[in-house]
Amino acid sequence: MSSARAIRLPDRFYLPRLDADGREVRDVMPWEGAVSYATDGERLGVQFDDGSVAWLGRGPLADDGTPPDPAAALREDFDGVDFDALVEGIRSYMDLHPILKTVWSDDLRALDALRARAPRPAEGAP
């Protein structure tokens with residue numbers, strides 16, 4: 001595969017900001033440290049300021065040929081998070097930007113799996 005090159009996707013893939021004249025511009029990447037979307041001609045990814053690219057879509061297969069467990073990969077990152085609030089927030093954001101339904105569908109399934117395994121607070125507890 002060839003090396004990654006930066007690309008500009010439609011505005012709906014970016015977060016908004018206000019320019020000096022107060023107009024809304026959509027050019028903010030939705031990931032901390034991301035500088036652009038990228039492609040190598042076959043895959044779409046997110047390029048970060050250190051030059052690394054996180055390719056979107058399915059990750060590599062494990063040595064035994066099984067797909068990775070997305071819930072396992074996310075478990076440590078989301079330790080202690082209120083999954084109900086997180087998942088509902090993501091769903092409402094996806095309702096505003098329907099293109100994200102296909103982009104984030106696997107991630108949302110992984111978060112739902114983590115939410116199902118997360119311990120629930122005792123009834124009446126804050």
Side-chain angles (χ1 to χ4, degrees):
M1 286 195 201
S2 60
S3 63
R5 65 184 189 283
I7 57 172
R8 171 79 187 170
L9 295 180
D11 285 352
R12 67 181 176 270
F13 290 93
Y14 299 86
L15 300 176
R17 69 173 176 88
L18 297 179
D19 68 8
D21 295 322
R23 294 176 299 213
E24 183 178 277
V25 179
R26 288 187 167 266
D27 63 357
V28 177
M29 294 294 297
W31 294 275
E32 186 176 340
V35 294
S36 68
Y37 287 99
T39 186
D40 62 2
E42 295 179 24
R43 300 175 290 177
L44 177 66
V46 178
Q47 189 161 23
F48 292 88
D49 51 14
D50 66 359
S52 66
V53 177
W55 298 109
L56 301 174
R58 304 205 186 288
L61 297 178
D63 291 338
D64 64 1
T66 59
D69 175 10
L74 293 173
R75 191 171 292 113
E76 186 175 317
D77 290 341
F78 291 97
D79 186 36
V81 168
D82 178 344
F83 283 105
D84 292 327
L86 176 64
V87 170
E88 292 315 308
I90 290 172
R91 285 188 201 283
S92 66
Y93 192 71
M94 288 167 57
D95 288 342
L96 292 172
H97 305 284
I99 191 68
L100 295 176
K101 289 181 181 179
T102 54
V103 174
W104 289 351
S105 63
D106 289 340
D107 296 319
L108 194 58
R109 275 193 294 278
L111 287 172
D112 275 331
L114 284 174
R115 181 168 64 163
R117 293 184 219 162
R120 297 281 181 207
E123 206 167 304

Nearest heavy atoms of A6 and Q47, plus distance in Å: N-OE1, 4.4 Å

Closer than 4.0 angstrom, basic N to acidic O: yes or no for D95 and K101?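 Here D95 pairs with K101 in a salt bridge, since their nearest N and O are under 4.0 Å apart.
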
Is there a side-chain contact between [X] and [Y] in this structure, where contact means two heavy atoms from C-beta onward sitting under 4.5 Å apart?
| X | Y | value |
| --- | --- | --- |
| W55 | D40 | yes |
| R12 | L100 | no |
| F48 | V35 | no |
| L44 | I7 | yes |
| L15 | M29 | no |
| V53 | V46 | no |
| L18 | V25 | no |

Which pairs count as ring-ring contact (aromatic ring centres under 6.0 Å, His included) when at least one residue sits in residues 17-37, sequence neighbours excluded? Y14-Y37, W31-Y37

With a 3.5 Å distance limit and no angle check, can you tell me whether T39 reaches the backbone of G41 through a side-chain donor-acceptor pair?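 Such a contact is found between T39 side chain and G41 backbone.
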
Taking only residues two or more places apart in sequence, or in another chain, which ones meet D21 in a side-chain contact (heavy atoms from CB on, under 4.5 Å)?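 In terms of side-chain contact (heavy atoms from CB on, under 4.5 Å), with neighbours along the sequence ignored, D21 is linked to D19, R23.
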
I need the S36 OG to D27 CG distance, nearest 0.5 Å.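 Rounded to the nearest 0.5 Å, the OG-CG separation comes to 12.5 Å.
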
Interatomic distance, OG@S105 vs CE@M94, rounded to 0.5 Å, equals 7.0 Å

Is the number of heavy atoms from other residues, nucleotides or ligands within 6.0 Å of CD (E32) greater than 12?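 No, the 6.0 Å shell around CD holds no more than 12 heavy atoms from other groups.
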
